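Structure record follows, encoded as structure tokens.
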Amino acid sequence: MTSKRIGILGAMPEEIIGVVALLKNKEEIVKGMRTYYIGTINEIDVVVVFSRWGKVASATTVTHLIVEFGITQLIFTGVAGGISSEVSIGDIVIASSLVQHDLDARPIMKRFEIPLLGETILSPPKNILDWAVESINNLIRNDDLIRLISLKQQKTFSLSSPKVVVGQIASGDQFFSNNEEKKNLLSMLPEVLCVEMEGAAVAQVCFEYKIPYVIIRTISDEANENSIVDFNEFVTQVASKFGVAIVQKLIQ
Ligand code: SAH
């Protein structure tokens with residue numbers, strides 16, 4: 001039997017720094033422009049790494065975690081642009097399904113179909129999803145997330161009570177920064193809650209290697225003309241803190 005080892009893949013360097021600070025018996029291995037931090041959190045073996053951005057980079061990083069470090073589960077955290085009117089900045093989206101919105105091999109296969117898998121949408125195993133939803137809902141119920149943010153920052157980002165929303169995430173090699181792109185995506189994929197650049201690629205690798213995974217995103221912007229203004233401040237001041245608290249809660 002293989003022993004449990006959790007891969008923690010983060011799309012924000014700021015968050016990785018916070019998670020690495022939680023590690024005991026820390027070791028570092030540098031390979032392929034990535035630094036893998038190996039250690040334990042609450043006596044559980046973990047490997048923490050910055051995914052790098054985009055589908056190719058994140059798929060490569062997760063493959064390395066599986067093949068070289070033998071992870072048995074994966075937790076992915078990062079930020080995303082809100083697409084659905086159901087989500088607001090500061091909300092946490094947990095993927096129950098993921099789609100690569102830029103995958104289009106028509107006419108040889110259906111739009112969004114992953115070549116050779118015959119699937120368009122991938123979903124994490126139900127048990128890991130339910131466990132993540134329950135754990136993060138607990139964090140929210142106890143105000144453990146909002147408490148990490150000063151009142152001034154709560155005001156700056158109009159944060160009051162972040163909520164957990166479970167649903168579809170779309171990924172692709174594109175940063176969404178206008179309403180046209182947003183509308184266009186929704187007309188093709190009406191169930192999408194948010195967009196980002198890694199999740200569905202990571203899900204594909206985990207599916208192929210049979211590694212249970214969960215993809216968790218804090219909404220950092222509204223994927224419109226304000227995206228770039230909202231983004232950097234929010235990542236450093238809010239999302240990275242949420243990410244560390246989420247990882248800490250999940251690794252128990
Ligand atoms: N901080 C970087 C940019 C990061 S790239 C810089 O300043 O150069 C964008 C990251 O945020 C990716 O991890 C992506 O998954 C996520 N993301 C957040 N909002 C997004 C949006 N509106 N569209 C696409 N990806 C988004």
Side-chain angles (χ1 to χ4, degrees), residues 7-19 33-34 48-62 65 74-95 97-103 112 122 157-159 162 165 167-189 191-206 213-244 246-247:
I8 302 169
L9 190 56
M12 293 174 279
E14 296 84 353
E15 175 190 21
I16 294 298
I17 294 167
V19 175
M33 297 185 163
R34 289 142 172 88
V48 184
V49 60
F50 168 43
S51 61
R52 298 172 74 87
W53 294 312
K55 293 198 312 181
V56 173
S58 56
T60 304
T61 314
V62 70
L65 278 176
L74 182 94
I75 298 171
F76 187 108
T77 60
V79 288
I83 293 288
S84 159
S85 55
E86 259 183 79
V87 298
S88 315
I89 292 183
D91 287 349
I92 315 288
V93 174
I94 307 178
S97 66
L98 296 115
V99 57
Q100 294 176 47
H101 65 72
D102 56 355
L103 187 43
F112 312 120
L122 296 176
F157 298 109
S158 316
L159 294 178
V165 189
Q168 190 169 90
I169 294 183
S171 317
D173 288 322
Q174 181 186 347
F175 188 86
F176 278 65
S177 59
N178 71 61
N179 266 318
E180 264 324 288
E181 292 167 352
K182 220 171 140 161
K183 267 196 237 147
N184 191 22
L185 181 79
L186 267 179
S187 70
M188 298 185 297
L189 295 163
E191 287 174 34
V192 169
L193 295 174
C194 64
V195 273
E196 38 85 316
M197 300 171 64
E198 299 85 15
V202 169
Q204 181 179 339
V205 177
C206 288
Y213 62 93
V214 61
I215 312 276
I216 302 162
R217 294 281 178 169
T218 302
I219 301 298
S220 54
D221 56 83
E222 291 179 326
N224 59 16
E225 287 73 3
N226 295 327
S227 294
I228 205 64
V229 184
D230 301 340
F231 191 77
N232 292 323
E233 282 270 298
F234 185 83
V235 167
T236 46
Q237 307 205 26
V238 180
S240 55
K241 292 181 189 156
F242 281 11
V244 176
I246 288 169
V247 167

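Order of appearance sets the numbers: ligands from 1, and atoms from 1 within every ligand. All values reported here derive from a predicted model rather than from experimental measurement.
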Check: What does the list of residues with a heavy atom under 4.0 Å from ligand 1 look like, ordered by chain and number?
Finding: Ala11, Trp53, Val79, Ala80, Gly81, Gln174, Phe175, Phe176, Val195, Glu196, Met197, Glu198, Arg217, Ser220, Asp221, Ala223, Phe231, Asn232

If we ignore angles and hydrogens, is there a donor and acceptor under 3.5 Å between the side chains of [X] and [Y]?
X: Glu196; Y: Ser171; value: yes
X: Glu14; Y: Thr236; value: no
X: Thr77; Y: Glu15; value: yes

Note to self: Using a 6.0 Å cut-off, check whether atom CD of Glu225 has over 12 heavy atoms from anything other than its own residue.
What the structure shows: yes

Note to self: If you take the centroid of each ring, where Trp contributes its six-membered ring, are Phe157 and Phe234 closer together than 6.0 Å?
What the structure shows: yes

Notebook entry, point to check: How would you list, by chain and number, every residue that makes a salt bridge (Lys or Arg N to Asp or Glu O under 4.0 Å) with Asp102, sequence neighbours excluded?
Noted result: Lys55

